[in-house]
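Take a look at the structure set out below.
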Amino acid sequence: MSAYRTGDPLDRRRFLTAAALRGATVIGTGALSASALSTGVLGTRVTGATGATGVIGATALGAVDADAAFAAPIRPLDPSVARSAFAEGRIAAINGDVLEVAGSYGDHSRVRITGATSVWKGRATTAADIETGDGLYARGLPLPDGTLAADAVWVNIVNLHATIRGIEKTRLHLAHGQHEIIGNLVAERTSAAYGDASPTADLSRLTIGQSAQILGAWRPSDGSVDLVRVAVAPGAGRRR
């Protein structure tokens, strides 16, 4: 099983960038500094194999917005609250409320979706949008039967540093190392963050040659990324 507790040697923040580069699930390098997209407060009811039931607030494990996937894990103040565990990989099968996940390192995990699981897939959504073949990063509590009861699941989330190589009406051409990535501009969803300013729908200051940090959702069907936020340095670029 690839679910593991915080503090293990494996750095969970490595996991989701390569999804857009080679079809494997990995996470990008570091959290974005712009403000959170949204914050939810949920209660997660989990039932283990022994029948024992517990209720835990999602914020006891951390925030559930997109940026929370890359934030440093928190340690619960309440000693009765178990430390959070994580799982990652490609979804190989969906059996009812359990996701069978093939990990990036050849391991396997089972992630249980509860009625209170927060799901992000380019936006806050529901478990109905999760599909076989998607990449997954999940946080939750380990159950006695070996599954991970997820309080938050981030599907196909990508966080990477790139250079803007081309700008079209509906997409950006991005370079990440030796890889070329198509970034889809999504109406009423894509925003730009200029320095420390709040994200805005005004993309006019994005210019070719800028370095940017990209937060988005990978499309397994064609390898492109639906752009949620494009963050550039303070004062970067001029209006087109």
Side-chain angles (χ1 to χ4, degrees), residues 11-34 37 66-67 69-70 88-92 101-106 120-123 125 129-137 153-195 197 199-240:
D11 181 358
R12 68 188 181 85
R13 285 173 293 180
R14 286 195 309 233
F15 289 116
L16 262 162
T17 294
L21 305 182
R22 64 172 184 270
T25 302
V26 283
I27 278 192
T29 56
L32 292 172
S33 60
L37 297 177
D67 293 286
F70 310 100
E88 61 78 32
R90 290 286 294 276
I91 300 173
V101 181
S104 297
Y105 295 89
W120 184 95
K121 190 176 183 181
R123 57 184 173 82
T125 186
D129 281 343
I130 301 175
E131 300 176 293
T132 301
D134 281 340
L136 172 143
Y137 182 64
V153 171
W154 296 274
V155 182
N156 295 336
I157 189 168
V158 173
N159 177 17
L160 54 84
H161 292 281
T163 301
I164 300 174
R165 295 300 191 195
I167 300 175
E168 299 182 17
K169 183 176 181 180
T170 61
R171 61 185 182 176
L172 300 181
H173 294 266
L174 305 167
H176 176 74
Q178 300 300 313
H179 302 275
E180 294 185 2
I181 301 170
I182 297 298
N184 304 303
L185 300 175
V186 183
E188 300 182 356
R189 193 182 308 173
T190 304
S191 65
Y194 303 102
T200 174
D202 178 12
L203 308 181
S204 65
R205 291 169 57 192
L206 298 179
T207 61
I208 294 173
Q210 283 178 325
S211 295
Q213 190 167 8
I214 303 299
L215 176 66
W218 168 58
R219 288 188 185 181
S221 60
D222 61 13
S224 66
V225 174
D226 289 343
L227 300 176
V228 172
R229 190 166 66 229
V230 181
V232 297
R238 296 179 179 177
R239 292 186 179 274
R240 301 198 299 274

task = For the pair Asp202 (side chain) and Ser204 (backbone), establish whether a donor and an acceptor sit closer than 3.5 Å, ignoring hydrogens and angles.
result = yes
ask   = Under the side chain to side chain contact (heavy atoms under 4.5 Å, CB included) test, which residues partner Thr163, sequence neighbours left out?
value = Arg165, Ser211
Note, Thr125 side chain near Trp120 side chain (heavy atom, < 4.5 Å) = no
ask   = Do Glu88 and Leu136 have side chains that get closer than 4.5 Å, going by heavy atoms?
value = no
message = Quick one, Val155 and Asp129 - any side-chain contact, counting heavy atoms below 4.5 Å?
response = no
message = Just verifying a value: how many Å separate Arg123 CZ and Arg189 CZ, rounded to the nearest 0.5 Å?
response = 5.5 Å
query = Where the side chain of Asp134 meets the backbone of Ile91, is there a donor-acceptor pair that is under 3.5 Å apart?
reply = no
message = Are Asn156 and Val225 packed together at the side-chain level, in the sense that at least one heavy-atom pair is separated by less than 4.5 angstrom?
response = no
message = Main chain of Ala92, side chain of Thr132: is a donor-acceptor contact present, judged purely on distance under 3.5 Å?
response = no
query = Could you go step by step and tell me if Asp226 and Arg219 meet the salt bridge (Lys or Arg N to Asp or Glu O under 4.0 Å) rule?
reply = CA-CA 7 Å; Asp226 289 343; Arg219 288 188 185 181; 2.8 Å; yes
message = Contact between Ile164 and Thr207 at the side-chain level, heavy atoms closer than 4.5 Å - yes or no?
response = no
request  = For Arg171, enumerate each residue passing the salt bridge (charged side-chain N to carboxylate O under 4.0 Å, His left out) test, keeping only those at least two apart in sequence or located in another chain.
outcome  = Glu168
ask   = Any sub-3.5 Å donor-acceptor pair from Gln210's side-chain atoms to Arg205's backbone N or O?
value = yes
key: Minimum heavy-atom distance between Arg90 and Gly133, given as atom pair plus value   = NE-O, 2.6 Å
query = Do Leu185 and Leu172 come within less than 4.5 Å of each other through their side chains, counting heavy atoms only?
reply = yes
message = If we ignore hydrogens and angles and just use 3.5 Å, is the side chain of Thr190 paired with the main-chain N or O of Val186 as donor and acceptor?
response = yes
